[in-house]
Q: 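Following this message is one structure expressed as structure tokens.
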Amino acid sequence: MSNGTPLFWMTMAVVSAAFGALHGLLFGDGPKLAGVLYGTGVGLLVIAYERGLFLAGYSRRLRQLPTLAYFAAAEISLVLVIVTAMSLTGLTIWALGIADKPFLEAVTPKLSTIPFALAVSALIVAVLRVRDLIGSETFTSFILGRYHRPVSEERVFLFLDLAGSTTYAERHGDLAAQELLKAVFAAIAEPVRRYRGQIDDYVGDQVIVSWPLARGIEQSRCVACVFAIRRILEADRDAWRARFALVPELRAALHGGSVVTAEVGVDRHKIAYFGDVMNATARLEGLCRETGRGVLISDAILARLPALPDGIEAEALGGYRLRGRSETMAVHALAERRAPVTAGAANPPAGAGAGRKPAVPDFAPRPRRPQAEVSVPGRSPASA
């Protein structure tokens, strides 16, 4: 779960304050400052607990309990958090002299208020979990009805695919493979948030991320996001090897253009993207295998970027005719620029690299067919 942005916490503070005022209207003589402060304090502490900002290990252990035991323990825990929040807020109000109450009365929660606070907290937590489940931007779009009618818009899409996941599943079983995917998807989430993308869908071992076109190309966020993800996986390579006996490797493809976005479904609603861009991005991701490159980007997106992020270089691979398309697509490979080798490093001391083969440059020319017909296994990427 996301710990949220400053805007998220400001919104939660306003919502909690509103429920504090509502309590005064329903059960008191109208909204008062003390009631608003109680609502804000209780709401923020409950949300911080639900987001895992404290007692995160305890919450994880609760989820491992059988269902009925988990519900009972979770409710008791929520009541204790609410009571603690009421006491701490009352202590603050008493110390600031906002409410003319004796100390003991200020820090002692009212039993009549706890059921209201519990009901409101449960409602807020439920809404936040639905938001987490479908994504914050998708959730907002549903609330605003933005895509009740189909809308044509321009977006950048990033398709990420975990290399070797099928082989891993064959060797270690489906449950172990699912644990690997879960860990990889969790690692991906933070860079996507940081670069203001949204995770639209998980399709097997593939993740579909998108940006509105203007946001994605601004400051080259879509490219920076890809390499931030790769660096995070590389930085934790020892932990990955210890846990899964491998370091995850992701193939990535960036493409974009005009798509039709619409809310679809009857019993289960979702926001879906339609258009050639989705299929072309899937084919481009499959081209990673054909070319042996980890990150590919279409010329349609590369040409619109103000500049590549520092340390990233592009190599033109030529035009490829992707399966299902009559026109060729100009494709480029992206990679991090390798640090130049200094003269002093040309002759390493004995034992430092004896017996190793010289490193192959990242951009060594590779044989390719300029007009290659690429066949990519079918997927269902048109949903987000």
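Quick note: numbers below take in every heavy atom, side chains included, and nothing from hydrogens, waters or symmetry partners. Count residues from 1 along the sequence.
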Q: Can Trp94 be reached from Met86 by stepping across I, L, V, M, F, W or Y side chains whose heavy atoms are under 4.5 Å apart?
A: no

Q: Would a hydrophobic clustering, with Ile, Leu, Val, Met, Phe, Trp and Tyr connected at side-chain separations under 4.5 Å, put Phe54 with Val83?
A: yes

Q: Nearest 0.5 Å, what's the OH-CH2 distance between Tyr195 and Trp211?
A: 10.5 Å

Q: Is Leu128 close to Arg51 at the side-chain level, that is, under 4.5 Å between some pair of heavy atoms?
A: yes

Q: Got Ser210 and Gln198 here, is their nearest side-chain heavy-atom distance under 4.5 Å?
A: yes

Q: Do any N or O atoms from the side chain of Arg230 and from the backbone of Leu250 form a donor-acceptor pair under 3.5 angstrom?
A: yes

Q: Looking at Glu315 and Arg293, is any side-chain nitrogen of the basic one under 4.0 Å from a carboxylate oxygen of the acidic one?
A: yes

Q: Considering non-hydrogen atoms only, spot the tightest contact between Glu153 and Tyr273 and give its length.
A: OE2-CE2, 4.0 Å

Q: Do you see a donor-acceptor pair shorter than 3.5 Å between the side chains of Tyr38 and Thr113?
A: no

Q: Rounded to the nearest 0.5 Å, what separates atom OG in Ser165 from atom CD in Gln178?
A: 11.0 Å

Q: Under 4.5 Å between side-chain heavy atoms, hopping through other hydrophobics if needed: is there a path connecting Leu33 to Ile93?
A: yes

Q: Yes or no on side chain to side chain contact (heavy atoms under 4.5 Å, CB included) for Lys270 and Val264, after CA distance, side-chain angles and deciding distance?
A: CA-CA 6 Å; Lys270 68 185 302 183; Val264 297; 3.8 Å; yes

Q: Do other residues, nucleotides or ligands put more than 12 heavy atoms under 6.0 Å from the CG atom of Leu26?
A: yes

Q: Indicate the atoms forming the closest heavy-atom contact of Arg155 with Tyr147, along with that distance.
A: NH1-OH, 4.4 Å

Q: Would Leu91 and Phe103 count as a side chain to side chain contact (heavy atoms under 4.5 Å, CB included) if you check the C-alpha gap in whole Å, the side-chain angles of each, and the deciding distance to 0.1 Å?
A: CA-CA 7 Å; Leu91 176 61; Phe103 172 77; 3.5 Å; yes

Q: Got Ile47 and Phe8 here, is their nearest side-chain heavy-atom distance under 4.5 Å?
A: yes

Q: Any non-hydrogen side-chain atom of Leu308 less than 4.5 Å from a side-chain atom of Leu334?
A: yes

Q: Minimum heavy-atom separation for Leu233 and Pro248, please, with both atom names.
A: CD1-O, 3.9 Å

Q: Applying side chain to side chain contact (heavy atoms under 4.5 Å, CB included), run through Tyr202 and Leu181 and close with a yes or a no.
A: CA-CA 10 Å; Tyr202 300 101; Leu181 287 175; over 6 Å; no

Q: Let me confirm one number: the CG-CD1 distance from Leu213 to Ile301, rounded to the nearest 0.5 Å.
A: 5.5 Å

Q: Going by side-chain contact (heavy atoms from CB on, under 4.5 Å), Ile199 matches just one of Leu160, Val192, Ile208. Which one?
A: Val192

Q: Is a salt bridge present between Glu234 and Arg231, judged by a nitrogen-to-oxygen distance below 4.0 Å?
A: no

Q: Inspect the surroundings of CD in Glu263 and state if more than 12 heavy atoms from other residues, nucleotides or ligands are less than 6.0 Å away.
A: yes

Q: Would you say Ser87's side chain and Val107's backbone share a donor-acceptor pair under 3.5 angstrom?
A: yes

Q: Establish whether Val36 and Phe27 are linked, either directly or via other cluster members, by ILVMFWY side-chain heavy-atom contacts under 4.5 Å.
A: no

Q: Counting C-beta onward and ignoring hydrogens, is there a side-chain heavy-atom pair between Phe159 and Leu284 closer than 4.5 Å?
A: no

Q: Taking all non-hydrogen atoms of both residues into account, name the closest pair between Val226 and Leu158 and its distance.
A: CG2-CD1, 3.6 Å

Q: Decide yes or no on side chain to side chain contact (heavy atoms under 4.5 Å, CB included) for Tyr320 and Thr291, but give the supporting numbers first.
A: CA-CA 11 Å; Tyr320 284 83; Thr291 60; 3.8 Å; yes

Q: Looking only at non-hydrogen atoms, find the nearest pair between Pro309 and Ser220 and report the distance.
A: CD-CB, 3.9 Å

Q: Side chains of Val81 and Glu50: does their closest heavy-atom pair fall under 4.5 Å?
A: no

Q: Does the plane of the ring in Tyr58 sit parallel, tilted or perpendicular to the ring in Tyr49? Use 30° and 60° as the thresholds.
A: tilted

Q: Answer whether the closest heavy-atom distance between the side chains of Thr92 and Leu88 falls below 4.5 Å.
A: no

Q: Measure the CG-CZ distance between Leu296 and Arg289 for me, rounded to the nearest 0.5 Å.
A: 11.0 Å

Q: Are more than 12 heavy atoms from other residues, nucleotides or ligands located less than 6.0 Å from atom CG of Leu96?
A: yes

Q: Just so I know, are the side chains of Leu180 and His172 near enough to count as touching, which here means a heavy-atom distance under 4.5 Å?
A: no

Q: Roughly how far, to the nearest 0.5 Å, is CD of Glu290 from CZ of Arg283?
A: 14.0 Å

Q: Look at the side-chain heavy atoms of Ile, Leu, Val, Met, Phe, Trp and Tyr, link any pair under 4.5 Å apart, and say whether Tyr70 and Val125 land in one connected group.
A: yes

Q: Working to the nearest 0.5 Å, report the span between CG of Asp310 and CZ of Phe227.
A: 13.0 Å

Q: Nearest heavy-atom pair of Ile82 and Ser121: which atoms, and what distance?
A: CD1-OG, 3.8 Å

Q: Verify, without hydrogens or angle tests, whether Arg221 (side chain) and Gly197 (backbone) share a donor-acceptor contact under 3.5 angstrom.
A: no

